[in-house]
Visitor: 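Sharing a structure here in structure tokens format.
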Amino acid sequence: MPQFLIPAGKKAGDSVNLSPEESRHLAKVLRAKAGDRVKLTDGSGSLFRGRITAVSPRGVTVAIEEASASKSPNGRILLAQGLLKGEKMEFVLQKAAELGAAEVLPFTSSRTVAAWKKEPRKLQRWQKIAEGASKQSGRATHLKVTEPAPFAQVLKTEADDKILFWEEGGPSPKEFLVGRRPDRIVILIGPEGGLSQEEVDQAFAAGFVVLSLGPLTLRAETAAMTALAIVNYELGNF
């Protein structure tokens, strides 16, 4: 059953008009009709089941029938990702949403290949990708994407545990996370060019633990997905 976004503050018994984009997808792509059931979310933690009451050129109207239970993951995971070029960054956002990350914090560093200027349209596109992947995954709370920030700023992110995965890192995630249940955890992955020794030292000084993903050198986007999967597993989310 597909999931669709509704405004915050809605409850069982309410009737809601879906956005033009959501209405178009239901009517034109899924060929929905009155009486069909759908899943709904406000993207902020609430899930509902509803029934379509009207499909017209003006849009789709849904009656919210009941609230659905949603399970919160163990630990709020923030992915601090070195800015990647083009589709690589979009891939990371999509998969981070599927793997339950709460936020992606893109950053620029000394070896960042991708250039970044104030690009509102690109940020809006990223958030749209995150929203679409979150809905497809059935999440109650959608992935948030922040505007790229300097490396030094990302290091100031507050969390119970801070992990930097580095190709020359030390212990495995399992060794570090065994028995730990942080409420908030930051995973830091470098860009295509990696992080310099100086940046790793800065992260260590900022409270990051340097861990390894194994003996093989992974692409930045592969490292991000691997790290998210391993951390989720060790936190008991899989």
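Sequence positions, counted from 1, serve as the residue numbers for this chain.
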Visitor: Which heavy atom of Ala159 sits nearest a heavy atom of Val186, and at what distance?
Guide: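 Taking Ala159 first and Val186 second, the nearest heavy atoms are CB-CG2, 3.6 Å.
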
Visitor: Ion pair present between Glu221 and Lys85, side-chain N to carboxylate O less than 4.0 angstrom?
Guide: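 Answer for the salt bridge query: no.
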
Visitor: For the CD atom of Gln81 and the CD1 atom of Ile187, what is their distance to the nearest 0.5 Å?
Guide: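 Reported value, rounded in 0.5 Å steps: 10.5 Å.
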
Visitor: Quick check: do Leu79 and Ile189 have side-chain heavy atoms less than 4.5 Å from each other?
Guide: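 Counting from C-beta outward, Leu79 and Ile189 do come under 4.5 Å.
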
Visitor: Shortest non-hydrogen contact from Val16 to Lys10?
Guide: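 Minimum heavy-atom contact is CG2-CE, 4.2 Å.
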
Visitor: Nearest 0.5 Å, please: how far is CD in Gln94 from CG in Leu99?
Guide: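 If we round to the nearest 0.5 Å, Leu99:CG and Gln94:CD are 10.5 Å apart.
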
Visitor: Glu234 and Phe176: side-chain contact (heavy atoms from CB on, under 4.5 Å), yes or no, with the steps?
Guide: CA-CA 10 Å; Glu234 296 300 337; Phe176 175 71; over 6 Å; no

Visitor: Are side-chain heavy atoms of Ser196 and Arg111 found at a separation under 4.5 Å?
Guide: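 Heavy-atom side-chain distance check passes, below 4.5 Å.
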
Visitor: Using 4.0 Å as the upper bound for N to carboxylate O, is an ion pair formed by Arg51 and Glu65?
Guide: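 So Glu65 pairs with Arg51 through a salt bridge.
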
Visitor: Quick one, Val62 with Ile6, criterion side-chain contact (heavy atoms from CB on, under 4.5 Å). Give me CA distance, side-chain angles, the key distance, then yes/no.
Guide: CA-CA 10 Å; Val62 177; Ile6 60 174; over 6 Å; no

Visitor: Does any donor atom in the side chain of Ser109 or Thr112 lie under 3.5 Å from an acceptor atom in the other side chain?
Guide: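 Judged by distance alone, the side chains do pair up.
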
Visitor: So how far is it from Arg219 CZ to Met225 CE, rounded to the nearest 0.5 Å?
Guide: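 Answer for the CZ-CE pair, Arg219 versus Met225, is 14.0 Å.
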
Visitor: Taking atom CG of Leu40 and atom OG of Ser46, what is their separation to the nearest 0.5 Å?
Guide: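 That separation rounds to 11.0 Å.
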
Visitor: Is there a donor-acceptor contact under 3.5 Å from the side chain of Asn74 to the main chain of Leu235?
Guide: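 Yes; judged by distance alone, with no hydrogens or angles, the pair exists.
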
Visitor: Without swapping roles, check the side chain of Asn232 against the backbone of Ala229 for a donor-acceptor pair under 3.5 Å.
Guide: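 A pair under 3.5 Å: no.
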
Visitor: Does Asp161 come within less than 4.0 Å of Arg180, counting only side-chain N to carboxylate O?
Guide: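 Arg180 and Asp161: salt-bridged.
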
Visitor: Donor-acceptor pair, Ser56 side chain versus Arg58 backbone, under 3.5 Å?
Guide: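 Side chain of Ser56 to backbone of Arg58: a pair is present.
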
Visitor: Linking I/L/V/M/F/W/Y whenever any side-chain heavy atoms sit under 4.5 Å apart, do Ile185 and Leu188 land together?
Guide: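 Not linked; separate clusters.
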
Visitor: Is the shortest side-chain heavy-atom distance between Val104 and Thr146 below 4.5 Å?
Guide: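 They are not in side-chain contact.
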
Visitor: Would Arg24 and Glu21 pass as an ion pair if we require N to O under 4.0 Å?
Guide: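 Answer for the salt bridge query: no.
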
Visitor: Does Phe151 reach the side chain of Gln202, with side-chain heavy atoms less than 4.5 Å apart?
Guide: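 Sidechains of Gln202 and Phe151: in contact.
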
Visitor: Could you check whether any side-chain heavy atom of Gln127 comes within less than 4.5 Å of a side-chain heavy atom of His142, counting everything from C-beta outward?
Guide: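 Not touching, per the 4.5 Å side-chain cut-off.
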
Visitor: Determine the minimum heavy-atom distance between Leu195 and Pro191, stating which atoms define it.
Guide: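 Heavy atoms of Leu195 and Pro191 come nearest at CD2-CD, 4.0 Å.
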
Visitor: Can you check side-chain contact (heavy atoms from CB on, under 4.5 Å) on Glu131 and Leu5, steps first, answer last?
Guide: CA-CA 9 Å; Glu131 181 182 291; Leu5 187 65; 3.7 Å; yes

Visitor: Do other residues, nucleotides or ligands put more than 12 heavy atoms under 6.0 Å from Gln136 CD?
Guide: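 No, CD of Gln136 has 12 or fewer neighbouring heavy atoms, counting only those of other groups under 6.0 Å.
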
Visitor: Within the structure provided, determine whether Trp116 and Pro106 are in side-chain contact (heavy-atom separation under 4.5 Å).
Guide: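 When only atoms from C-beta onward are counted, Pro106 and Trp116 do not touch, as no gap falls below 4.5 Å.
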
Visitor: Mind listing the closest non-hydrogen atom pair of Ala27 and Val55 along with its distance?
Guide: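 So the two residues come closest at CB-CG1, 4.0 Å.
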
Visitor: So, Ser110 versus Glu199: side-chain donor-acceptor pair below 3.5 Å or not?
Guide: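 Yes, a side-chain donor-acceptor pair sits under 3.5 Å.
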
Visitor: Roughly how far, to the nearest 0.5 Å, is the OG1 atom of Thr41 from the CG atom of Leu47?
Guide: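 If I round to the nearest 0.5 Å, the distance is 5.0 Å.
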
Visitor: Could you check if a side-chain atom of Arg184 sits within less than 4.5 angstrom of a side-chain atom of Leu78, using non-hydrogen atoms only?
Guide: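 Answer yes - side chains close enough.
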
Visitor: To the nearest 0.5 angstrom, please state how far the OG atom of Ser19 sits from the NE2 atom of His25.
Guide: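 One gets 11.0 Å once the value is rounded to the nearest 0.5 Å.
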
Visitor: Output yes when a side-chain donor or acceptor of Asp160 lies under 3.5 Å from a complementary backbone atom of Asp183, and no otherwise.
Guide: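 Yes; at least one donor-acceptor contact below 3.5 Å.
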
Visitor: Is there a salt bridge (charged side-chain N to carboxylate O under 4.0 Å, His left out) between Glu147 and Lys122 once you walk through the steps?
Guide: CA-CA 10 Å; Glu147 185 172 351; Lys122 180 176 285 190; over 6 Å; no

Visitor: Do Arg125 and Glu90 sit within salt-bridge range, that is, some charged N less than 4.0 Å from a carboxylate O?
Guide: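 Looking at Glu90 together with Arg125, the answer is yes, because their closest N to O distance falls below 4.0 Å.
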
Visitor: If you apply the rule side-chain contact (heavy atoms from CB on, under 4.5 Å), what do you find for Phe208 with Leu155, and how did you get there?
Guide: CA-CA 8 Å; Phe208 281 80; Leu155 293 184; 3.7 Å; yes

Visitor: Would you say that Leu18 contacts Thr61 through its side chain, given a criterion of any heavy-atom pair below 4.5 Å between the two side chains?
Guide: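 SC-SC contact between Leu18 and Thr61 ruled out.
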
Visitor: Give the minimum heavy-atom separation between Arg76 and Glu103, together with the two atoms involved.
Guide: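 Heavy-atom minimum between the residues: NH2-OE2, 3.0 Å.
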
Visitor: Leu123 and Phe107: same hydrophobic cluster, using ILVMFWY side-chain contacts below 4.5 Å?
Guide: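 Different hydrophobic clusters.
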
Visitor: Considering residues, nucleotides and ligands other than Gln197, do more than 12 of their heavy atoms fall under 6.0 Å from its CD?
Guide: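 Correct, the count exceeds 12.
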
Visitor: Is there a path of hydrophobic side-chain contacts, each under 4.5 Å between heavy atoms, that joins Leu211 and Ile230?
Guide: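 Leu211 and Ile230: one cluster.
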
Visitor: If I compare all heavy atoms of Ser134 with all of Ala97, which pair ends up nearest, and what's the gap?
Guide: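 In terms of heavy atoms, the two residues are closest at OG-CB, 3.8 Å.
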
